[in-house]
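Chain letters run A, B, ... following the sequence lines, proteins first, then strands; residues in each count from 1. Small disclaimer: the values here were computed from a predicted structure and weren't measured.
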Amino acid sequence: MKDKIQKVIKDEIFKHFKVTVDPVITRPDEKFGDYTTNISFGLAHQLNKNPREIAEKLIEGIRHSLASDAIQVNNVANFINIKLSDEALIKDSELAITYKPNLYKDQVIVCEYSDANPFKVFHVGHLYTSIVGNAIANLFEVAGGKVFRVNFGGDVGRHVAINMWAILNTAGKGDPKVALEFLAGLEPKSLDEKAAYLADRYVEGTQAFESEESEPHTQITELNKKLYEIVNSKDHESDIAKIYWLCRDWSYAYFKKFYQDIEITAFDRYYPESETAPIGIDTVNKQLKNGVYEESDGAIVFKGEKYGLHTRVFITSQGLPSYEAKDLGLIMAKYRDFKFDKSIVITGNEITEYMRVVLKSLEQYEPKLVAATTHLTHGMVKMAGGVKISSRKGNGLRARQVIEDTAKINFETTNTKSMETTLGAIKYAFLKQRLGPDLIYSPEESVSITGNSGPYLQYSHARSRSILKKVDKTIEPSSYGLDDQERQLTRKISEFPDYLDKSIAEIMPHHLCTYLYELSQSFNKFYEASRVIGDDREAIRLKIVSLYSDILKKGLELLSISAPNQL
RNA sequence: GCACCCGUAGCUCAGCUGGAUAGAGCGUCAGUUUGCGGUACUGAAGGUCGUAGGUUCAAAUCCUGUCGGGUGCACCA
């Protein structure tokens, strides 16, 4: 309907004023109508005419062209407002459920998010980007894209050396064989416990690395080099290598299980840094000859100052690749593997400037890849009450802990043990806020049975399903003639495509959350005022409830939030 | 110091490709139930949109200054 209205208005404008414009059609407050445009203002400026005259001229023709759909077309304060007939509105809302956006039709889109590091804690920030990234990937998918989900993580580098050092020195007391035996003893334990064990070793190692003593520092630096050798030579025989691969496997197994547990789509591809590092090094060396990168104090750097950025090291003076080189290699690898039309990278906003430097350097020789890349950034997750999350210092809040705590609070306040509502609560709480600024997470609020929460939506869904369950079949209503409550709900249902489009165009899932919440509010208002089963208006009301239920379910699915039929 | 991000109700946030009276939730106060899941609904109080200018018929939205908060700025990731 929106397209039709837009075309009608566009044609009218051309007819009267001989100019071609695409009028913006939006959804006004109900009291004004169902669709509106303020094109008169724009035209007034362009044609140097009075906006009221313009609107008046257009209205007759619009009214005529939309005679079969609109019961009212008028001009209030130079807005052209269109109110649909009930039949047209119902039809609009029926079309909403089958609406297929096509902004990314047939495009190959690579979405990178989560980016958890093996050997380190999987903290609440990873949980956040996993959930948000997954929802964004879903949006690209529904918009027609062929989406590949990828996950990048550091399986080599200093943090791994720090970790290995701690294992060798605590569990192994300096002897790799002893360490290996100790780890074998952990094998029967759960992945969760193994991951926690590794995370704790990282904290231990970091303390040693940062301490006054120089010995651990030197040993860790040596170990770091050795680990690169192990990985490059595919060494699986030496004791240290065995320890490394075992712990690495634990980490990846843990990630996979975790994503399964929180019910998000599995990743198509994991890119460990050990794979992208050589590609990055090759690239940097090649471009060193071309003068893109240069040597400085023994390191190979890109000088970003001439582009208003700063200098960053790509290969250290020790000859090891920095994160910059690995990230560079990652972009090349992603293109090699997927030949993407668009590449989305979702990370915390603290690396915005860093990423600009990496991309600016790449732009010197692969401008197409850079043009196709979009770096989306998000803020930090802070717990309500002001506890900061930091994995560096080792006091990072584990993602698993956040889920468990939320489940506990969910049980205490609502007496439900369902993981569906717990996960729904967390996901919705993370998704409902605009991507970018920090997010303050309150478990209590997220599971809250009232207010703008996941469980509120799930409850509203279950309530509507419960009505539908009570009837065998829906009969086509003989006539419409919607009452106020029916109409406001139908109108809201029909808005689904508008919000979906907006979410996709801006790559902002929170618009969809806002919509689903407003939709459910509309439903609950309707529910309060309108008996469905047994009422004279049962047929039409069932139809609307059914539309509502389906749209809500579809919307929640797009966010990977489950919509159970009963709670 | 330089760069980027953010300041909207007591709290947490929508609204930002400029457009109709700035909206929700929580909290506070007052109500609604012989009903399909009351885990709901209705109403009230609460905002000079940090601040000062500018652009415009029209600014929370765009531009500039300023104040406040956050983040980043060479061998960590």
Pair assignment for B:C73, Watson-Crick or G-U wobble, requiring both distances under 3.5 Å:
B:G1

At under 4.0 Å between heavy atoms, what does A:Pro28 touch on the DNA or RNA strands: base, sugar-phosphate, or nothing?
base

Has A:Thr311 got a side-chain N or O lying under 4.0 Å from the OP1 or OP2 atom of B:A74?
no

A:His510 side chain N/O closer than 4.0 Å to the phosphate oxygens (OP1, OP2) of B:G15?
yes

Does a side-chain N or O from A:Arg541 land closer than 4.0 Å to OP1 or OP2 of B:C36, or not?
no

Does A:Gln521 reach a base, just sugar-phosphate, or nothing at all? Heavy atoms under 4.0 Å.
sugar-phosphate

Look at the side chain of A:Thr450 and the base of B:A40, then say whether one donor and one acceptor between them are separated by less than 3.5 Å.
no

So, is the end of the A:Arg27 side chain (NZ or CZ) under 6.0 Å from the ring centre of A:Tyr35 and within 45° of the ring's axis?
yes

Would you classify A:Asp297 as touching base, sugar-phosphate or nothing, given that sugar-phosphate means primed atoms plus P, OP1 and OP2, and contacts are heavy atoms under 4.0 Å?
base

Just N and O in the side chain of A:Ser296: are any of them under 4.0 Å from OP1 or OP2 of B:C75?
no

Contact class for A:His511 vs. all strands (heavy atom < 4.0 Å): base, sugar-phosphate, or nothing?
sugar-phosphate

Nearest to the A:Glu528 side chain among B:U21, B:C41, B:U12, which nucleotide is it?
B:C41

Please state how far atom CZ in A:Arg434 lies from atom P in B:A14, giving the value in whole angstrom units.
8 Å

Indicate, yes or no, whether a donor-acceptor pair under 3.5 Å links the base of B:C75 to the side chain of A:Ser322.
no

Using a distance-only criterion (donor-acceptor N/O pair, under 3.5 Å, no hydrogens), is the base of B:G25 paired with the side chain of A:Asn452?
no

Would you please confirm or rule out a distance under 4.0 Å between OP1 or OP2 of B:C16 and any side-chain N or O of A:Lys502?
yes

Is any side-chain N or O of A:His378 closer than 4.0 Å to OP1 or OP2 of B:C5?
no

Quick one: is A:Lys432 getting a side-chain N or O under 4.0 Å of the B:C13 phosphate, OP1 or OP2?
no

Testing B:G25, B:A20, B:G37 for proximity to the side chain of A:Ala462, the answer is B:G37

Does A:Asp327 get its side chain close enough to the base of B:A77, under 3.5 Å, for a donor-acceptor pair?
no

Just the rounded figure in Å: distance from C1' of B:C73 to OH of A:Tyr307.
18 Å

Toward the 5' end of RNA chain B, which comes first, A:Ile80 or A:Val301, by nearest nucleotide?
A:Ile80

For B:G43, which nucleotide in any strand shown is its Watson-Crick or wobble partner with both distances under 3.5 Å?
B:C29

Tell me: CD of A:Gln207 to P of B:C76, nearest whole Å?
20 Å

Distance below 4.0 Å between A:Arg312 side-chain N/O and B:A74 OP1 or OP2:
no

Counting only side-chain nitrogens and oxygens, does A:Asn524 get under 4.0 Å of the OP1 or OP2 atom of B:C41?
yes

CA sep, side-chain torsions, deciding dist, call: A:Phe430, A:Leu127, side chain to side chain contact (heavy atoms under 4.5 Å, CB included):
CA-CA 9 Å; A:Phe430 284 1; A:Leu127 178 63; 3.9 Å; yes

Heavy atoms under 4.0 Å, any strand shown: does A:Ser520 hit a base, just sugar-phosphate, or nothing?
nothing

Tell me: NE2 of A:His461 to P of B:C36, nearest whole Å?
19 Å

Looking at B:G37, I'd like to know if its phosphate oxygens (OP1 or OP2) sit under 4.0 Å from a side-chain N or O belonging to A:Lys469.
no

According to the side chain to side chain donor-acceptor pair (under 3.5 Å) rule, which pairs have a member within residues 296-315 of chain A, sequence neighbours left out?
A:Glu305-A:Thr311, A:Tyr307-A:Gln364, A:His310-A:Arg312, A:Arg312-A:Glu324

Hey, does the side chain of A:Gln458 come within less than 4.0 Å of B:U39's phosphate (OP1/OP2), counting only N and O?
no

Please confirm whether the shortest side-chain N or O distance from A:Tyr456 to OP1 or OP2 of B:C41 is below 4.0 Å.
yes

Sugar-phosphate only, base, or nothing, as touched by A:Ala299 at under 4.0 Å among non-hydrogen atoms:
base

